[in-house]
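Encoded as structure tokens, the structure appears first; notes follow it.
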Amino acid sequence: MIQTGLIQSAHNDLVTDVAYDFYGLRLATCSLDQRIKVWQLDESSGNWNVEDDWKAHDATVSKLSWAHPEFGTILASASFDRTVKIWEQTSFASTSDPQPNGAGAASPQPASGGSSRWMERAVLVDARGTVRAVEFSPHHFGLKLATVSSDNHVRIYECLEQSSLATWQLSEEVDVSTLPSISLSSSYSVAFATPTQTSATLEGASATLVAQALQQTQNPTTQGRPGMGNREADGGWCISWCKDRYWGEIIAAGCGISGIIKIIQLSPSRRPVTLLTLDPSPSPAGLPSEVGTLPAGDGDAPTPFAITTVAWAPSCGRSYHLVATGGRDGHVRIWRVKPAEEESDADGEGNDPKWSATVVADFDHHKSAIGRVEWNITGTVLSSAGNDGRVRLWKATIGNVWRAAGSIGVEQSEDTQDDVNMDEGVAAE
């Protein structure tokens with residue numbers, strides 16, 4: 001049984017994002033009305049009560065992200081005013097006490113009535129376009145933040161003064177659309193398909209220049225695919241961190257109207273590189289296939305649509321990763337991403353791991369653009385929200401079959417539960 005709750009008139013305009021805190025007892029919402037609201041769950045009644053409400057930006061607030069509680073009660077907000085702001089709750093005292101600990105005097109953005117306990121700690125202004133997504137990294141990497149904006153750049157920030165949250169260093173700034181691949185072989189990445197180069201790596205400056213030149217050569221073909229828009233409104237910008245500590249700092253990012261997701265590895269010893277490109281367009285309809293088996297820009301490939309949301313599932317001991325995407329084409333896709341085994345590197349000249357991916361589920365039940373996909377804490381249930389006004393749940397059942405597990409909406413309707421068989425290799429592992 002799906003249990004639901006309703007928050008009436010949460011904002012004065014369209015709600016653009018909602019984010020639960022680590023414990024699931026507080027909810028932050030943002031809107032076109034430029035405001036952020038924080039809600040507290042009354043566990044006895046199940047009702048959500050507004051705890052704080054303040055004007056946060058000078059334009060639409062697009063995304064919110066909570067930091068891990070070990071760093072305090074910290075919230076990051078992204079906006080169309082091209083800024084990211086870091087907010088901290090300074091006191092857990094009752095809201096009836098005005099300006100606790102002098103917060104009202106120090107905070108440049110107090111809530112209406114002066115009762116806000118959230119202080120603006122930092123403003124990040126490096127974006128040259130509207131900031132579309134923001135997400136704190138897993139806590140084991142420290143207090144870090146990833147953003148993506150409509151200039152197609154992913155930016156990684158690291159807090160240098162956790163006591164004050166005032167100093168944030170821009171540690172990485174990457175143009176996702178031109179980011180080189182870790183391997184130029186067509187066996188692993190459609191977007192970087194080139195004549196076979198068995199020993200190509202990106203350790204040297206010359207190799208990097210070659211990779212960039214190859215990418216620029218291929219851009220006209222990719223951008224020229226039929227049916228793609230050229231407006232910012234047609235694009236999608238999204239990011240999600242890999243939750244598994246073992247593989248280091250890895251992020252999934254999508255930008256613009258390309259319809260692809262890039263798996264990007266971040267490293268302090270070298271520039272970020274693309275481990276893998278998730279591109280559904282080469283796959284024949286209904287048939288999962290290894291990414292990169294067909295050349296990019298195939299005339300028979302489906303028309304690509306912008307990917308608007310991506311979510312990396314918690315691994316929970318699996319030997320592979322699950323990455324969910326949602327796009328403007330109304331499709332919710334689940335990718336099985338397989339890291340390279342260390343012994344496989346002995347066959348090649350290079351030492352970098354080579355990842356692979358397969359589409360294991362593809363649902364189009366929403367019949368409209370997807371706004372959000374999100375996993376549960378174990379990575380076994382996926383939820384998706386679309387412009388059809390419904391939140392749908394997807395679950396892997398016995399035999400590794402992904403099925404529709406239910407939906408929530410204003411109108412009650414019966415959903416057909418079409419099965420999607422996962423790759424048989426998943427069951428074997």
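What you see is a predicted model; the values in this text were computed from it and never measured. Side-chain atoms are counted along with the backbone in the values below, which use heavy atoms only and exclude waters and symmetry mates.
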Salt-bridge present (D126, R82; N to O < 4.0 Å): no
Distance in Å, H11 NE2 paired with T29 OG1, rounded so as to fall on 0.5 Å steps: 2.5 Å
Side chain to side chain, V61 and D17, heavy atoms closer than 4.5 Å: no
Any side-chain heavy-atom pair of L27 and V18 under 4.5 Å: yes
Neighbour count above 12 (heavy atom, 6.0 Å) for R128 CZ: yes
Lys/Arg N to Asp/Glu carboxylate O, K37 vs E51, below 4.0 Å: no
Atom pair CG/CZ of D52 and R26 - distance to nearest 0.5 Å: 7.5 Å
Plane angle bin for W394 and H365 - parallel if under 30°, tilted between 30 and 60°, otherwise perpendicular: perpendicular
Exercise: identify the closest heavy-atom pair between A253 and I264: CB-CD1, 4.1 Å
Closest contact, heavy atoms only, A252 versus I261: CB-CG2, 3.9 Å
Plane angle bin for H321 and W247 - parallel if under 30°, tilted between 30 and 60°, otherwise perpendicular: perpendicular
Given W66, W54, W118, the one that forms ring-ring contact (aromatic ring centres under 6.0 Å, His included) with W87: W54
Atom CD1 of I377: over 12 foreign heavy atoms under 6.0 Å: no
Under 3.5 Å: donor-acceptor pair, side chain of S368, backbone of D388: yes
Stepwise side-chain contact (heavy atoms from CB on, under 4.5 Å) check, L275 with I250: CA-CA 9 Å; L275 292 174; I250 296 177; 3.8 Å; yes
W375 side chain to V381 backbone, donor-acceptor under 3.5 Å: no
Side chain proximity check, E172 to Y157, heavy atoms < 4.5 angstrom: no
Side chains of I239 and V154 in contact at under 4.5 Å (non-hydrogen atoms): yes
cation_pi(R336, Y320) dist<6.0 Å, angle<=45: yes
Heavy-atom pair of closest approach, residues A357 and W335: CB-CE3, 4.0 Å
Proximity of W312 and W241 rings by center, below 6.0 Å: no
Polar side-chain atom of D81 near backbone of D58 as donor-acceptor pair, under 3.5 Å: yes
Ring pair (Phe, Tyr, Trp, His ring centres under 6.0 Å) pairs, two or more places apart, involving residues 119-145: H68-H139
Minimum side-chain heavy-atom gap L124-L145 below 4.5 Å: yes
Expected output: side-chain D33 to main-chain N12 donor-acceptor under 3.5 Å: yes
pair L276-V337: side-chain heavy atoms closer than 4.5 Å: yes
E173 side, atom CD; R271 side, atom CZ - distance, nearest 0.5 Å: 8.5 Å
Derivation of the side-chain contact (heavy atoms from CB on, under 4.5 Å) call for I74 and Q162: CA-CA 11 Å; I74 303 171; Q162 294 187 15; over 6 Å; no
For the student: nearest non-hydrogen atoms of V174 and P272, plus distance: CG2-CG, 3.5 Å
Approximate separation, where rounding is to 0.5 Å, of T325 OG1 and L278 CG: 7.5 Å
Test item: S79 side-chain N/O and T83 main-chain N/O as donor-acceptor pair under 3.5 Å: no
Contact check, side chains of I86 and E120, non-hydrogen atoms, under 4.5 Å: no
Closest non-hydrogen atom pair, H57 against K85: CE1-CG, 3.4 Å
Donor-acceptor contact below 3.5 Å, side chain S150 vs main chain T130: yes
Polar side-chain atom of D42 near backbone of G46 as donor-acceptor pair, under 3.5 Å: no
Pairwise side-chain contact, S383 with R392, heavy-atom cut-off 4.5 Å (strictly under): no
Main-chain N/O of L14 paired with S31 side-chain donor or acceptor, under 3.5 Å: yes
Backbone N/O of L25 and side chain of D21: donor-acceptor pair under 3.5 Å: yes
Pairs touching residues 142-153 that satisfy salt bridge (Lys or Arg N to Asp or Glu O under 4.0 Å), sequence neighbours left out: K144-E249, D151-R155
Residue pair S62 / T16, side-chain donor-acceptor N/O under 3.5 Å: no
Distance (rounded to the nearest 0.5 Å) between I334 CD1 and W402 CH2: 4.0 Å
Pair N152, W237: side-chain N/O donor-acceptor within cut-off below 3.5 Å: yes
Atom CG of N49 with >12 non-hydrogen neighbours under 6.0 angstrom: yes
Spacing of L143 atom CG and L165 atom CG [to the nearest 0.5 Å]: 6.5 Å
Nearest atoms (heavy-atom pairs only) where A306 meets G256: CB-O, 3.4 Å
Steps toward side-chain contact (heavy atoms from CB on, under 4.5 Å) verdict (V148, C255): CA-CA 8 Å; V148 64; C255 290; 3.5 Å; yes
Flag for D364-H331: side-chain donor and acceptor within less than 3.5 Å: no
Whether T309 side chain and V373 backbone form a donor-acceptor pair below 3.5 Å: yes
